**Q** 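Quick one: the structure is below, questions incoming.
FYI, the numbering just counts along the sequence from 1. When a ligand or atom number is given, it counts from 1 through the structure's own listing order. Here the structure is a predicted model, which means the values were calculated and not measured.
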Amino acid sequence: MYFPKFIRKKMGGMFLSQLLMVLFIYSSMAQGIIPKPMNVIEGIGEFNLNAGIPILAKSQDSRKSAELFNDFLEKRHGFRLFITQIPQSGPHIILTSVRGDNPEGYLLDIHFDKIEIKGGEAGIFYGLQSTLQLIEVKDGGLTIPAMRIEDKPEFDYRGLMLDVARHYFPVDQIKKIIDLMAHYKLNRLHWHLTEDQGWRLEIKKYPKLTEISAWRDSTIIGKQYDRELLIYDGKPHGGFYTQDEAREIVRYAAERQIIVIPEIELPGHSSAVLAAYPELGSFPLVNGVPQAGTISGTNEKGEPLDNDLSISVPGFWGVQYNIFGPTDAAFTFLEDVLTEVMDIFPSKYIHIGGDEVPKDHWKTSEIAQKVIKKEKLKDEHELQSYFIRRIEKFLNKNGRNLIGWDEILEGGLAPNATVMSWRGEDGGIAAAKMGHDVIMSPNTHMYFDHYYAEDQTTEPLAIHGFLPLEKVYGYSPRPTALSIEEQKFILGVQGNLWTEYISTNNKLEYFIFPRMLALSEVAWTPGNKKDYGEFSKKRLPKRLAELEKSNVFFRIPEAEVTISRDMATGRHRISIESLVDKSQVYYTVDSYKADPTGMLYTSPFLAPVTRKEHGPLTLRYIIVTPQGRISNEFSQTIK
Ligand code: ACM
């Protein structure tokens with residue numbers, strides 16, 4: 001077992017019994033912080049938190065973090081603390097700026113008469129977030145148990161990607177998600193601002209992007225591939241963020257230690273742009289319409305090419321064929337757009353997409369073929385690489401770095417690019433082996449738009465997949481295929497929320513939560529300290545109850561169900577532990593529907609063992625949260 005320095009110091013000259021005591025305290029971890037801190041030592045007693053407690057904060061940044069602490073306290077408990085720069089003799093909270101080896105690390109010391117948080121700017125902010133999660137309501141007052149926490153993140157990049165292009169979400173909703181990211185110590189919002197189905201950022205030089213590209217006439221209903229003929233809702237959808245709004249999001253996030261990384265998709269996923277500026281595409285125009293007639297041939301599978309070069313903003317999903325041409329006009333446009341983007345977003349990284357470019361269509365494009373010849377490129381993959389390299393050069397010249405999805409490896413990686421690995425881990429592994437930085441967001445574990453349950457009929461419509469909470473939690477962002485040296489190129493991990501089938505705030509929250517809490521621990525907590533059982537049963541319940549109080553429409557997870565054999569009766573013994581604090585469970589074992597007419601679970605109960613000819617019984621149950629939300633109905637065969 002590793003002992004931090006302050007424990008090792010304390011251990012000198014101890015009797016064995018005292019040492020065992022320290023070991024016991026060290027490992028009991030009764031508190032419920034997510035993400036789990038690196039080291040915790042529980043103390044004796046508690047700090048009483050009330051409106052008379054001052055916060056001593058000397059630096060400007062720590063005062064800002066104290067204000068945000070107060071905002072949370074006020075929302076949840078109805079009071080704010082007085083922030084001061086004058087030393088205090090009575091019980092108080094003190095924020096001390098120190099330069100540690102990790103600017104996000106912090107030391108949180110809670111005594112009965114004082115709470116001290118030491119760290120850099122981000123560290124103090126995170127120490128305050130941990131403190132908020134430790135508050136207990138006791139006898140009408142608020143207490144915080146005494147302990148010492150030494151904490152720092154495992155990964156520097158802890159991200160969430162929000163696709164606001166398939167569906168637009170209002171500024172307040174983005175801020176709500178930012179608040180929650182910060183509370184769980186995520187620090188990168190990857191803002192997916194452009195897509196085939198909509199452009200969401202005001203660009204002053206190209207007003208048609210917000211007049212035309214930001215809007216679509218109609219959107220398909222239901223899952224695209226369920227029907228041959230699509231059904232449309234007939235409702236216009238769209239919207240965009242003004243530059244002022246985008247700057248406000250950047251500012252709001254920065255106060256909460258989050259960097260916003262904008263994504264401008266190129267050269268694919270660009271139909272919305274081309275609906276407004278069709279001259280930037282890969283095919284010549286006649287009367288403003290790209291000449292689909294010039295396309296012939298087959299794709300790599302030998303199937304005839306789809307030559308629907310849509311000239312309106314599409315209201316259906318999938319990879320679209322109308323993509324930027326590798327022309328001077330397109331590069332001028334993109335550089336102009338990126339110039340405005342860089343002015344709004346101070347982020348060192350700019351994400352340029354690069355995924356799902358239908359290169360078959362470049363094969364049939366005279367414009368593209370001309371560039372391949374002129375630049376002596378081997379094929380369309382190298383053309384994509386040429387495209388990305390040219391954009392990278394522009395970004396680097398302006399002091400920024402490029403991130404792209406893993407397809408940017410095809411045809412040769414741009415010299416300084418960071419790769420975001422989404423088609424599993426292969427792209428990330430290849431890039432790290434080449435000495436490039438990598439962010440892991442594999443669609444096997446980090447696609448939050450996938451179904452939560454195997455039985456899709458119990459869930460709201462999702463794109464596909466099956467991603468239970470435990471699978472998110474179990475992800476390790478350092479592939480074992482990489483050596484220790486190569487693993488150093490893994491900057492971190494990100495969850496992605498695509499929104500083809502997500503059009504409401506509630507649904508957005510449902511798909512993110514509680515997955516984001518599992519992600520937070522994947523990103524922050526050292527792998528050897530992670531334990532799903534302890535996370536889900538000991539710490540998650542409190543946090544979910546807290547999310548409900550913050551009006552977050554999280555998915556109510558399945559309970560932990562244990563079915564064992566009762567020795568005395570020979571029957572099945574069933575226990576059902578909800579993962580939401582103070583919730584109620586109603587169940588049936590007769591295989592019929594569970595609702596509040598069923599049995600209210602209070603303690604483990606017995607169920608009959610059926611004969612073979614009866615077949616097994618099914619346990620069905622629902623969970624009702626403290627505020628009355630009802631879960632999906634869950635079921636499990638009693639075996
Ligand atoms: C992606 O999911 N196309 C990055």
**Q** Taking the side chain as every heavy atom from C-beta outward, state whether Asp217 and Val313 have any atom pair closer than 4.5 Å.
**A** no
**Q** Among protein heavy atoms, which lies nearest atom 3 (N) of ligand 1, and at what distance?
**A** Asp355 OD2, 2.7 Å
**Q** For a 4.5 angstrom cut-off between non-hydrogen side-chain atoms, does Trp215 reach His237?
**A** no
**Q** When only distance counts, is His269 in polar contact with ligand 1, meaning an N/O pair under 3.5 Å?
**A** no
**Q** Quick one: which ligand 1 atoms are inside 4.0 Å of a heavy atom on Glu356?
**A** 3 (N)
**Q** Please tell me whether Tyr168 and Phe240 form a close aromatic pair, meaning their ring centres lie under 6.0 Å apart.
**A** no
**Q** Should you measure from each heavy atom of Trp405, which atoms of ligand 1 turn up under 4.0 Å away?
**A** 4 (C)
**Q** Any idea which atoms of ligand 1 are less than 4.0 Å away from a heavy-atom of Trp498?
**A** 1 (C), 2 (O), 4 (C)
**Q** Any side-chain heavy atom of Ile372 within less than 4.5 Å of one from Pro326?
**A** no
**Q** Within 45 degrees of the ring normal and closer than 6.0 Å to the centroid, is that where the cationic atom of Arg515 sits relative to Phe511?
**A** no
**Q** Please indicate whether any nitrogen or oxygen in Trp422 is less than 3.5 Å from any nitrogen or oxygen in ligand 1.
**A** no
**Q** Among all protein heavy atoms in this structure, tell me which lies nearest to atom 2 (O) of ligand 1, with the distance rounded to 0.1 Å.
**A** Tyr447 OH, 2.6 Å
**Q** I'd like to check Leu209 versus Phe333 (side-chain heavy atoms, cut-off strictly below 4.5 Å). Are they in contact?
**A** yes
